[in-house]
Amino acid sequence: TSANTGEDGMYAGRGVSAAAIRTALARPLSTSRRCMPPGTEGDFTLTVEIKVGCDGRVANVYPINAGYVPKRILDCIGTVLGSAAFPAHDLPDGQSFQYPISYRF
């Protein structure tokens with residue numbers, strides 16, 4: 001799979017377009033803010049690698065540069081992002097991409 005550089009540092013191969021990725025992640029990303037404990041303050045950035053099966057279902061979410069984010073929060077974010085529904089695509093081994101996430105509290 002060849003990688004295409006998308007906007008905002010996102011990388012996607014052939015299959016699901018960068019626009020479809022942003023659309024599929026919009027609601028889960030908003031919901032993932034709830035994974036942070038009450039009273040969280042500051043700016044946090046992490047990158048996740050997401051693998052989407054050819055049926056459009058998330059097969060795996062893996063944090064890449066999570067820094068000091070506790071495992072329970074990363075697990076919560078992974079579960080929330082794992083609920084995203086992507087369009088089906090024709091890459092039989094699935095499509096992996098990296099997606100940067102920024103939180104500002």
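The basis for the numbers below is simple: all heavy atoms, side chains too, and nothing from hydrogens, waters or symmetry mates. Everything numeric here is computed off the predicted structure, so don't read it as measured data.
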Closest approach of Leu25 to Ala84 (non-hydrogen atoms, all atoms of both residues):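 Shortest heavy-atom contact: CD2-CB, 4.0 Å.
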What is the minimum heavy-atom distance between Phe86 and Val16, and which atoms define it?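 It is CD2-CG1, 4.3 Å.
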Taking the side chain as C-beta and beyond, is there a heavy-atom pair between [X] and [Y] under 4.5 Å?
X: Ile64; Y: Leu46; answer: no
X: Ile21; Y: Gln95; answer: yes
X: Met36; Y: Ile73; answer: yes
X: Phe97; Y: Val48; answer: no
X: Val58; Y: Lys51; answer: no
X: Cys35; Y: Val80; answer: yes

Any sub-3.5 Å donor-acceptor pair from [X]'s side-chain atoms to [Y]'s backbone N or O?
X: Thr40; Y: Pro37; value: yes
X: Thr23; Y: Ala20; value: no
X: Thr79; Y: Asp75; value: yes

Could you check Tyr103 against Thr45 for side-chain hydrogen bond (donor to acceptor under 3.5 Å, both in side chains), going step by step and ending with a plain yes or no? CA-CA 6 Å; Tyr103 297 100; Thr45 302; over 6 Å; no
Nearest-0.5 Å distance that lies between atom CD1 in Ile77 and atom CG in Leu29: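 Result: 9.5 Å between the selected atoms.
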Nearest 0.5 Å, please: how far is CD in Gln98 from CD1 in Ile50?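 Spacing of CD1 (Ile50) from CD (Gln98) equals 10.5 Å.
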Begin with the C-alpha distance, continue with both residues' side-chain angles, and end with the deciding distance and a verdict on side-chain contact (heavy atoms from CB on, under 4.5 Å) for Leu81 and Ile101. CA-CA 11 Å; Leu81 297 182; Ile101 304 170; 3.7 Å; yes
Honestly, is Arg22 close enough over Tyr99, meaning NZ or CZ under 6.0 Å from the six-membered ring centre and within 45° of the axis?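 No, cation not above the ring by the 6.0 Å, 45° rule.
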Kindly check if the number of other-residue, nucleotide or ligand heavy atoms within 6.0 Å of CZ (Arg33) is above 12?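 Yes, enclosed.
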